[in-house]
**Student:** 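The following block contains the structure, expressed as structure tokens.
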Amino acid sequence: MKRSGQFFKDVYEVAKLIPKGRATSYGAIAAYLGSKGSARMVGWAMNNAHAISNVPAHRVVNRNGLLTGKQHFGNGNQMQELLESEGIKVKDNQIQNFDKVFWNPTVELL
DNA sequence: TTGCTGACGGAGG
DNA sequence: ACCTCCGCCAGCA
């Protein structure tokens with residue numbers, strides 16, 4: 001078993017806890033895990049998350065609500081379609097009303 | 001082994 | 001307000 005760092009593992013667990021119709025940011029997850037400055041690692045973990053089941057990486061975007069990682073979903077706008085399928089409005093790779101759909105693990109999971 | 005890159009974010013100019 | 005640089009740390013050449 002490739003034991004990725006505990007950090008990655010935690011990222012996966014938090015990602016799985018993101019409610020349907022909600023989204024969070026890389027930085028928010030990193031902050032929740034205690035590594036505020038490691039937002040990039042969260043993104044990296046998401047890349048690896050494709051190997052894990054039930055990890056809704058499409059619900060994780062950058063702090064602007066921009067679907068920066070959509071290009072990693074293989075098909076063109078699959079990430080956007082998944083989000084819209086859950087009720088999240090997306091326009092031009094950006095989540096609309098991001099402040100409403102934003103799910104802050106530091107607050108929600110606390 | 002060393003160095004560069006990367007699904008980000010905050011600080012500085 | 002806009003643009004640029006630095007830090008975070010794991011993976012890969």
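All of these numbers come straight from a predicted model, not from anything done at the bench. Throughout, a chain's letter reflects where its sequence line sits, starting with A, and its residues are numbered from 1.
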**Student:** If you check the Arg63(A) side chain, which of dA7(B), dA10(C), dG10(B) turns out closest?
**Tutor:**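 Taking heavy atoms from C-beta onward, the closest nucleotide is dG10(B).
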
**Student:** Is there a side-chain contact between Ile88(A) and Phe98(A) in this structure, where contact means two heavy atoms from C-beta onward sitting under 4.5 Å apart?
**Tutor:**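 Sidechains of Phe98(A) and Ile88(A): no contact.
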
**Student:** Can you tell me the distance, in whole Å, between the CG atom of Asn75(A) and the C1' atom of dA7(B)?
**Tutor:**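 So the CG-C1' distance, Asn75(A) to dA7(B), works out to 17 Å.
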
**Student:** Give the minimum heavy-atom separation between Phe102(A) and Ala28(A), together with the two atoms involved.
**Tutor:**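 Where Phe102(A) meets Ala28(A) most closely, the heavy atoms are CZ-CB, 3.9 Å.
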
**Student:** Rounding to the closest angstrom, what is the interatomic distance between dC2(C) and dA7(B) at atom C1'?
**Tutor:**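 Those two atoms are separated by 24 Å.
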
**Student:** Taking atom P in both dC5(C) and dC4(B), compute the distance separating them and give it to the nearest angstrom.
**Tutor:**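 After rounding to an integer number of Å, I get 16 Å for this pair.
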
**Student:** With heavy atoms under 4.0 Å as the rule, sort Thr68(A) into base, sugar-phosphate or nothing.
**Tutor:**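 Sugar-phosphate contact only.
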
**Student:** Would you classify Arg40(A) as touching base, sugar-phosphate or nothing, given that sugar-phosphate means primed atoms plus P, OP1 and OP2, and contacts are heavy atoms under 4.0 Å?
**Tutor:**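 Contact class for Arg40(A): base.
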
**Student:** Could you state the CG-P distance from Asn47(A) to dA7(B), rounded to the nearest angstrom?
**Tutor:**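 For the pair Asn47(A) CG and dA7(B) P, the rounded distance is 8 Å.
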
**Student:** Under the criterion side chain to side chain donor-acceptor pair (under 3.5 Å), I'd like the reasoning laid out for Tyr12(A) against Asn48(A): C-alpha separation, chi angles, the key distance, then a yes or no.
**Tutor:** CA-CA 10 Å; Tyr12(A) 303 141; Asn48(A) 201 25; 3.2 Å; yes

**Student:** Within this structure, what is the CG-to-P distance between Leu83(A) and dA7(B), rounded to whole angstrom?
**Tutor:**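 Going from Leu83(A) (CG) to dA7(B) (P), I get 18 Å.
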
**Student:** How many Å lie between CG on Asn48(A) and C1' on dC9(C), as a whole number?
**Tutor:**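 From Asn48(A) CG to dC9(C) C1': 14 Å.
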
**Student:** Which residue in the set Val60(A), Thr24(A), Leu33(A), Val55(A) passes side chain to side chain contact (heavy atoms under 4.5 Å, CB included) when paired with Val14(A)?
**Tutor:**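 Of all the options given, the one that passes is Leu33(A).
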
**Student:** To the nearest Å, how far apart are Leu66(A) CG and dA7(B) C1'?
**Tutor:**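 The answer, rounded to whole Å, is 11 Å.
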
**Student:** Specify the separation, in whole Å, of atom NE2 of His72(A) and atom P of dG6(B).
**Tutor:**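 To the nearest whole Å, that distance equals 9 Å.
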
**Student:** Starting at CG of Asn64(A) and ending at C1' of dC2(C), how long is that distance when rounded to a whole Å?
**Tutor:**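 That distance rounds to 14 Å.
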
**Student:** Please determine, by modelled atom types, if Glu86(A) and His58(A) share a side-chain donor-acceptor pair under 3.5 angstrom.
**Tutor:**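 Looking only at side-chain atoms, His58(A) and Glu86(A) do form a donor-acceptor pair, the distance falling under 3.5 Å.
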
**Student:** Counting any heavy atom closer than 4.0 Å, what does Asn62(A) reach on the DNA or RNA strands: base, sugar-phosphate only, or nothing?
**Tutor:**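 The answer is sugar-phosphate, as Asn62(A) gets under 4.0 Å only of primed atoms, P, OP1 or OP2.
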
**Student:** Which of these nucleotides, dC9(C), dA7(B), dC8(B), is closest to any side-chain atom of Ser38(A)?
**Tutor:**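 The closest nucleotide is dC9(C).
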
**Student:** At under 4.0 Å between heavy atoms, what does Ala30(A) touch on the DNA or RNA strands: base, sugar-phosphate, or nothing?
**Tutor:**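 If one applies the 4.0 Å heavy-atom cut-off, Ala30(A) turns out to touch nothing in the nucleic acid.
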
**Student:** Write down the distance between CD (Gln71(A)) and C1' (dG6(B)), rounded to a whole number of angstrom.
**Tutor:**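 One finds 11 Å between C1' of dG6(B) and CD of Gln71(A), rounded.
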
**Student:** Students often get this wrong, so: under 4.0 angstrom with heavy atoms, is His50(A) touching a base, only sugar-phosphate, or nothing?
**Tutor:**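 The residue His50(A) makes base contact.
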
